[in-house]
Amino acid sequence: MYNLDMNIIQEFDTIAAIATPLGTGGVGVIRISGNESFDIAEKIFKGKPLEAGKISHGWIEDNGTKIDEVIVLSFKNPNSYTGEDVIEIQCHGGVNVVRNILDLVLKNGARMAERGEFTKRAFLNKKMDLSQAEAVADLIHAKTQNFAIQSAKNLSGVLYRKVNEIRGKIFNSLSLIIAAIDFPEDVNEPSYDLLISQFEETVKEVDSVLACAKSSDILRQGIKVAIVGKPNVGKSSLFNKLLNAKRAIVTDIAGTTRDVLKETLDMDVAVTLIDTAGIRNTDDVGQVEGIGIEFSKQSAEEADLILFVYDAKSGLNKEDEEIYNLIKDKKHLIIANKCDLTDDRTDKNAIYISTLTNEGLDDLREKIKNIVCDFSAEETEFITNKRQTDCLIKCRDSLTKALDAAKSQELQDLISIDLKSALLFLNELTGEVITDEILNNIFDHFCIGK
Ligand SMILES: Nc1nc2c(ncn2[C@@H]2O[C@H](COP(=O)(O)OP(=O)(O)OP(=O)(O)O)[C@@H](O)[C@H]2O)c(=O)[nH]1
Ligand SMILES: [Mg+2]
């Protein structure tokens, strides 16, 4: 268990990793953090002596062999990302160049960093709280521009400040109670009415953060939209059109799609578009298609929105209706495809489209977008993840207990216990008190070099 307020002196070895993605690019960055960073860099860097806050130009050399011409950025603790001495070597962005330099750094005394270890050190050195550290991972993995912007807000400490504000209010109530307990002669107990109004206010504030949890989930994970229908109605053709790419195989043979295909679309919210195998009676089909059909049903089950497709020319038949019955209780759009083959437009519930002539596709896109936006319509002031939401729910539970106790005028000593536990859950959220297990779990989701 870490308790950062106990000021445990953390002793860290010096770690290093490649901070840029491995591949060919303009620049590659090798990051070193820890007490030995400067010593190690000076052993391999030929140029002017390294100076904190300055950019140095020179060569990385291995026993006289030139490895690459580089720029080195030097940071002295605590003025760095990790709060330790940090060296960043910017070299040319070839896979082998970066690897050679990293190898050299490791040979000279650094240890290969684990996933998220730089950010973990930043957290342990109090450069950021846990919600900010988690925002780093969110920002890197953001699938949409919108989510990236929201994550950046948390990185700047929006959630942290809000939690601190709530913590301050709870602390204030707690102090009133404790003062009266500790100095019964001099300090009066706070009135129950006062406590009730204070607790009601804090519960409301916690609720306001919790209200963002659902839209956070949607922003984080996106919305699943599954295309479902009989074989050969044009599901894969529609999938390709919506993606603007020839991703799925399209043929006139019923039962072409066997596997579930998934691709991401950015509609401000990340949309995972899912193409499925046409659903038909599994007695009539081979084993592979049968498995595909089971997957289709499962995808339909998990989807947030279903695009139910049927053939406009042949109209809705019994098989279509059976499939429709499977999905009708979910949010869905009914799509009559291949409308180029018929003039019939009598189904008032359907959107008539043709993936061949593009008729109706813009209208369909618009409708999908509207539904997707509805899912995430609530203003997301805060982005929370599951761990943070759980902490908030537990905090809220403790606060409601305190509120109920105040309403029934119980001993204030007892009320203070609930307040202390409410505070503890907020401390867990921001990482003031946290177990090794939780901490490792968080940073395991990072990439190496971050
Ligand atoms: N005329 C016309 N043909 C279409 C249209 N959309 C798809 N098709 C044709 O219908 C056939 C089936 O299309 P797919 O997209 O493979 O249908 P599917 O629903 O994915 O079929 P399965 O994967 O077998 O379930 C192909 O020959 C397409 O070219 C359309 O709007 N108009
Ligand atoms: Mg298909």
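When a residue number appears, it is its place in the shown sequence, counting from 1. All ligand and atom numbering here is 1-based and tracks the order in the structure.
We find that K120 and E114 are not joined by a salt bridge, their nearest charged nitrogen and carboxylate oxygen being 4.0 Å or further apart. For R396 and D207, the salt-bridge test passes: some basic side-chain N is under 4.0 Å from an acidic carboxylate O. Look at K230 and D320 and you find a salt bridge, because one of the NZ, NE, NH1 or NH2 atoms lies within 4.0 Å of a carboxylate O, short of that distance. Using a cutoff of 4.0 Å between basic side-chain nitrogens and carboxylate oxygens, D275 and R247 are not scored as salt-bridged.
Residue contacts to the Mg ion (ligand 2): T276 brings no N, O or S atom closer than 2.8 Å. Put simply, S236 gets within reach of the Mg ion (ligand 2), with an N, O or S atom under 2.8 Å from it.
D340 OD2, 3.0 Å is the protein heavy atom nearest to atom 1 (N) of ligand 1. Of the protein's heavy atoms, K338 CE, 3.7 Å lies nearest to atom 8 (N) of ligand 1. Regarding atom 5 (C) of ligand 1, its nearest protein heavy-atom neighbour is T355 OG1, 3.4 Å.
Each of the following atoms of ligand 1 lies closer than 4.0 Å to a heavy atom of G278: 25 (O). Those atoms of ligand 1 with a heavy atom of I253 less than 4.0 angstrom away are 24 (O). The ligand atoms of ligand 1 that sit less than 4.0 angstrom from a heavy atom of V233 are 19 (O). Of all atoms in ligand 1, listed by their number and element, those nearer than 4.0 Å to a heavy atom of K235 are 15 (O), 17 (O), 18 (P), 19 (O), 20 (O), 21 (O), 22 (P), 25 (O).
In this structure, N240 has no heavy atom closer than 4.0 Å to ligand 1.
The cationic group of K450 does not satisfy the cation-pi geometry with F443, failing either the under 6.0 Å distance to the six-membered ring centre or the 45° limit from the ring axis. Note that K328 lies outside the cation-pi zone of F308, set by a 6.0 Å cut-off to the ring centre and a 45° limit from the axis.
Only the backbone of T251 comes within 4.0 Å of ligand 1, judged by heavy-atom distances. At a 4.0 Å heavy-atom cut-off, ligand 1 does not touch A248 at all.
Note that CD1 of I323 and CZ of R280 are 10.5 Å apart. Values are rounded to the nearest 0.5 Å.
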